[in-house]
Visitor: 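Pasting in a structure now, in structure tokens, and then I'll have a few things to ask.
Fair warning: this is a prediction, and the values are worked out from it, not measured in the lab.
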Amino acid sequence: MDTHESPASAAHETAASSTRRTAAALPDLEPAARRIAELLGPVGDGALDGPTPCPDYAVRELLGHLTGLATAFRDAARKDLGPSTAASPDAALPVLDDDWREVLPRRLEEVAAAWRAPDAWTGMTRAGGIELPGEVAGAVALNELVIHGWDLARSTGQPYAAGEAELRSCEALLAPDEDDPDRGGIFAPPVPVPADAPLLDRVIGLSGRRPDWRPGDR
């Protein structure tokens with residue numbers, strides 16, 4: 001934000017931005033959520049202790065994290081602000097419940113459906129204990145699904161592709177800002193990727209991961 005911009009102007013621009021987003025086609029989380037659900041079938045119990053591109057997570061923690069974030073961002077979209085939206089994802093390692101094969105696909109459907117409501121993208125909400133505008137929360141939710149979908153695919157030896165619109169949204173969210181090159185310390189430092197690399201690889205690099213990561217690298 002321009003440091004010379006008045007609060008009134010800033011509020012007007014924020015309201016106008018929200019109006020434009022509501023009037024335009026809203027980002028759709030369903031493709032990213034559906035891809036994750038499709039990746040779950042081949043994940044046998046023997047794969048749960050395997051490594052992932054997230055250094056602190058085995059596959060079981062990644063699946064637990066996906067369940068938690070789908071629940072939190074579903075509730076953030078609904079403005080149902082309670083325990084699910086208050087907890088920091090870094091507070092403890094995620095726990096994977098025994099019924100995850102039934103619960104996680106359902107949560108993925110619910111989070112995608114919740115963000116189809118135009119009201120989800122307006123006003124303020126909360127996720128991970130952080131208050132943020134609805135349109136930002138929606139972009140973060142999409143980014144989480146895309147990046148962690150890639151994590152799961154790479155960890156379990158499955159192919160992964162994402163749509164250009166999804167990847168452009170992630171790219172815009174993850175790209176370092178001139179005024180905040182460290183991106184507030186929220187994301188890991190970007191991994192350099194050639195400028196002519198595929199868009200998916202560039203987005204994965206921006207997320208702090210190596211696009212060529214393999215399970216044996218850990």
Visitor: Write out all pairs satisfying salt bridge (charged side-chain N to carboxylate O under 4.0 Å, His left out) with one or both partners inside residues 67-84, taking only residues at least two apart or from two chains.
Guide: Arg74-Glu110

Visitor: Honestly curious: do Tyr160 and Leu69 fall in one hydrophobic cluster under the side-chain, below-4.5 Å linking rule?
Guide: yes

Visitor: Please tell me if the side chains of Thr125 and Thr85 come closer than 4.5 Å, counting only heavy atoms from C-beta onward.
Guide: no

Visitor: Looking at every non-hydrogen atom in both residues, tell me the closest pair between Ala58 and Leu48 and how far apart they are.
Guide: CB-O, 3.7 Å

Visitor: Grouping I, L, V, M, F, W and Y whenever their side-chain heavy atoms are under 4.5 Å apart, do Leu29 and Leu132 come out in a common cluster?
Guide: yes

Visitor: With the side chain counted from C-beta on, respond yes when Glu30 and Arg116 share a heavy-atom pair under 4.5 Å apart, and no when they do not.
Guide: yes

Visitor: Do Glu171 and Leu206 come close enough that some side-chain heavy atom pair is under 4.5 Å?
Guide: yes

Visitor: Looking at Gly82, is its backbone amide N or carbonyl O close enough to the side chain of Arg126 to form a donor-acceptor pair, meaning the two atoms are under 3.5 Å apart?
Guide: yes

Visitor: Measure the OG-CG distance between Ser207 and Leu173 for me, rounded to the nearest 0.5 Å.
Guide: 11.0 Å

Visitor: Which pairs, with at least one residue in residues 145-166 and sequence neighbours excluded, count as a salt bridge (charged side-chain N to carboxylate O under 4.0 Å, His left out)?
Guide: Arg35-Glu166, Asp151-Arg209, Glu164-Arg168

Visitor: Give every donor-acceptor pair under 3.5 Å between a side-chain atom in residues 40-47 and any protein atom, sequence neighbours left out.
Guide:
none

Visitor: Is there a side-chain contact between Val193 and Pro211 in this structure, where contact means two heavy atoms from C-beta onward sitting under 4.5 Å apart?
Guide: yes

Visitor: Please step through side-chain hydrogen bond (donor to acceptor under 3.5 Å, both in side chains) for the pair Arg107 and Thr71, ending with a clear verdict.
Guide: CA-CA 6 Å; Arg107 291 289 183 270; Thr71 304; 3.2 Å; yes

Visitor: Is there a path from Leu167 to Leu26 through hydrophobic residues (I, L, V, M, F, W, Y) whose side chains come within less than 4.5 Å of each other?
Guide: yes

Visitor: Hydrophobic cluster membership, with links at side-chain heavy-atom distances under 4.5 Å among I/L/V/M/F/W/Y: are Leu104 and Val95 in one?
Guide: no

Visitor: Hey, is the main chain of Ile204 close enough, under 3.5 Å, to the side chain of Trp150 for a donor-acceptor pair?
Guide: no

Visitor: Give me the atom names and distance for the closest heavy-atom approach of Val111 to Leu108.
Guide: CG1-O, 3.3 Å

Visitor: State, yes or no, whether a side-chain contact exists between Val59 and Asp49 at a heavy-atom distance under 4.5 Å.
Guide: no

Visitor: Do any pairs count as a ring pair (Phe, Tyr, Trp, His ring centres under 6.0 Å) and have a residue in residues 63-105, sequence neighbours left out, and if so which ones?
Guide: Tyr57-His65, His65-His148

Visitor: What I'd like to find out is whether the side chain of Leu142 reaches to under 4.5 Å of the side chain of Trp115, using heavy atoms alone.
Guide: no

Visitor: If every non-hydrogen atom of Pro176 is compared with every non-hydrogen atom of Pro190, which pair is closest and at what distance?
Guide: CG-CG, 4.0 Å

Visitor: Find the distance between CG (Leu174) and CG (Asn143) and round it off to the nearest 0.5 Å.
Guide: 4.5 Å

Visitor: Find the distance between CD (Gln158) and CD (Glu38) and round it off to the nearest 0.5 Å.
Guide: 10.0 Å

Visitor: To the nearest 0.5 Å, what is the distance between CG (Leu145) and SG (Cys170)?
Guide: 9.0 Å

Visitor: Just jot down the side chain to side chain contact (heavy atoms under 4.5 Å, CB included) partners of Asp99, sequence neighbours excluded, or say none.
Guide: Asp97, Glu102, Val103

Visitor: So, the side chain of Ser169 versus the backbone of Ala165: is there a donor-acceptor pair under 3.5 Å, distance only?
Guide: no

Visitor: My understanding is that only residues two or more places apart in sequence, or in another chain, count here; which of them pass salt bridge (Lys or Arg N to Asp or Glu O under 4.0 Å) with Arg202?
Guide: none

Visitor: Would a 4.5 Å heavy-atom cut-off, applied to side chains only, mark Pro51 and Pro215 as touching?
Guide: yes

Visitor: Quick one, Val191 and Trp213 - any side-chain contact, counting heavy atoms below 4.5 Å?
Guide: no

Visitor: Starting at CZ of Arg60, measure out to OG1 of Thr52 and round the result to the nearest 0.5 Å.
Guide: 12.5 Å

